[in-house]
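In this text, all values refer to a predicted model and were calculated from it rather than measured experimentally. Computed over heavy atoms, backbone and side chain alike; hydrogens, waters and symmetry mates excluded.
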Amino acid sequence: MNLHRGGRLDEAESGYRECLHDGEVEAAAPLAALLLQQERYGEAVELLEPLARAAPDSAELAVNLSVGLRRSGRAEEALQVGRRACALAPTQLSGWNALGLAALELDRAEEALVAFESGLRLAPAHPALGLHRAHALRRLGRNSDALSAYTQTVQISPDLVDGWRGLASTQAALDQVDEALLSRMRALALAPRNREVAFEHAVALMRASKVVEAILGFEAALQTDPDDAQAWAWLGRARLGQGDLPAARVEFEQARSHDPHDSVIAHFHMAITGTLPDEVESDYIRCLFDDFADRFDHTLVQRLAYGTPARLAHFLRQSNANVATCVLDLGCGTGLMAQ
């Protein structure tokens, strides 16, 4: 255990296994914790399942088992075990966190939010619970609330990379392009060697119309992984932004060759090569609007000055029209007319 605490994990593992070989079964639980620490989740679960059956009242074992099950792809079981952990020890923060993460894995964001908030009532400034609460709010589409939650998280823990990444994605969803870029820059400063963080920063540069800098970022991503279809596609978009059609065509051909099933890449490739699609691009349209949904109303009203619903409402008021108190608006699009 001293070796374990000192970070000498290989030696600690050997020691734990010697203990188990000698019949000292109490070594199994700390060995399982070590395996979780090393992300060897399947091995950890093999140890934890019989331990948890033998000690059904142990909240600590239940928490660790929930984590191992979730990370092994057994999220439904992880959720059940997480619920049991919280029932056994409602003041244990790790239990609420494990339950919430299992619920998020199953896209049960409401239950996840309740779990994280239950933990935060016990420890209001807990960084992991605060971060995960923000993730749940974001998943629920409550972007204004998520923005506040991520902001609070990075104020409490300014070195938390995932806090800045979550803040940036929420700011982008709210069409706060410049603020999102600043948050991406903070994340990159904290994790300069993280390829995913660097790629997100390049995308933020692109969305902030800093095309030349974005191109450098996409080219750097392709130097480390020349098979990255998304990097090729974003590089192609950047070339289009510069008006360089021949280069964009080459890059979208590369993107298409590396991921022929991506509907967005396929759409751009057909558009740039002048190829008509064989059928309606349903997958592309779905992806486009899924990506646009968070900022659709804001972009339409604030940036594109869409004012027809407000003008109609003003006309009705000016005309003293006898407007019904109950209205059914079919095919309402944005929903702004009903509002």
Side-chain angles (χ1 to χ4, degrees), residues 1 4 9-10 12-14 16-17 19-21 24-120 122-123 126-141 146 149 160-163 165-166 169 194 196 261 290:
M1 291 180 78
H4 190 170
L9 301 186
D10 290 342
E13 181 180 350
S14 296
Y16 286 139
R17 293 196 183 279
C19 292
L20 287 174
H21 184 265
E24 297 179 47
V25 293
E26 62 271 21
L31 174 57
L34 183 149
L35 294 171
L36 289 176
Q37 191 177 342
Q38 292 188 318
E39 301 182 2
R40 293 159 62 185
Y41 301 112
E43 295 175 67
V45 167
E46 285 182 23
L47 283 170
L48 287 164
E49 282 185 310
L51 290 174
R53 283 194 296 270
D57 296 332
S58 171
E60 184 176 354
L61 285 174
V63 168
N64 284 348
L65 178 56
S66 179
V67 172
L69 288 167
R70 175 177 59 83
R71 298 301 295 266
S72 300
R74 296 163 63 183
E76 189 65 53
E77 294 168 85
L79 183 71
Q80 302 304 325
V81 175
R83 287 171 178 164
R84 189 172 83 242
C86 292
L88 288 168
T91 60
Q92 188 168 330
L93 300 179
S94 57
W96 292 113
N97 197 43
L99 172 58
L101 289 172
L104 266 188
E105 190 83 12
L106 292 164
D107 210 22
R108 300 182 189 179
E110 289 284 4
E111 183 174 358
L113 182 61
V114 169
F116 298 135
E117 290 182 341
S118 296
L120 285 166
L122 300 168
H126 193 279
L129 286 167
L131 176 66
H132 297 152
R133 174 179 178 268
H135 290 342
L137 289 166
R138 181 87 173 87
R139 190 79 63 86
L140 288 166
L160 192 61
V161 175
D162 283 344
R165 293 175 74 187
S169 66
N194 186 310
E196 192 172 346
H261 304 296
D290 280 352

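Between Val45 and Arg74, some side-chain heavy-atom pair lies under the 4.5 Å cut-off. Within the 4.5 Å cutoff, no side-chain heavy atoms of Phe116 are placed close to those of His135.
With sequence neighbours excluded, no residue forms a side chain to side chain donor-acceptor pair (under 3.5 Å) with Ser58. His126 pairs by the ring pair (Phe, Tyr, Trp, His ring centres under 6.0 Å) definition with nothing, not counting sequence neighbours. With sequence neighbours left out, the side chain to side chain contact (heavy atoms under 4.5 Å, CB included) criterion links Glu13 to Arg17, Leu31, Leu34, Leu35, Gln38, Arg40.
Of all the heavy atoms in Ala102 and Ala75, the pair that sits closest is CB-O, 4.3 Å. Considering every non-hydrogen atom in both Leu47 and Ala28, the closest pair reads CD1-O, 4.1 Å. The heavy-atom pair separating Leu88 from Pro56 by the smallest distance is CD1-O, 3.5 Å. Closest heavy-atom contact between Leu61 and Ala55: CD1-CB, 4.0 Å. Residues Gly68 and Tyr41 share a closest heavy-atom pair of O-CB, 3.9 Å.
A distance of 9.0 Å separates CZ in Arg84 from CG in Asp57, rounded to the nearest 0.5 Å. Atom CG of residue Leu93 and atom SG of residue Cys86 lie 10.0 Å apart, to the nearest 0.5 angstrom. Atom CZ of Arg70 and atom CG of Leu99 lie 11.0 Å apart (nearest 0.5 Å). To the nearest 0.5 Å, atoms CG (Leu113) and CZ (Arg108) are separated by 15.5 Å. Note: Leu48 CG to Leu36 CG = 6.0 Å, rounded to the nearest 0.5 Å.
Glu60 CD: 12 or fewer foreign heavy atoms inside a 6.0 Å radius.
No donor-acceptor pair closer than 3.5 Å links the side chain of Ser66 to the backbone N or O of Ala62.
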Inset, instruction - Go through the steps for Tyr16 and Glu24 under the test side-chain contact (heavy atoms from CB on, under 4.5 Å), then give the verdict. - result: CA-CA 9 Å; Tyr16 286 139; Glu24 297 179 47; over 6 Å; no
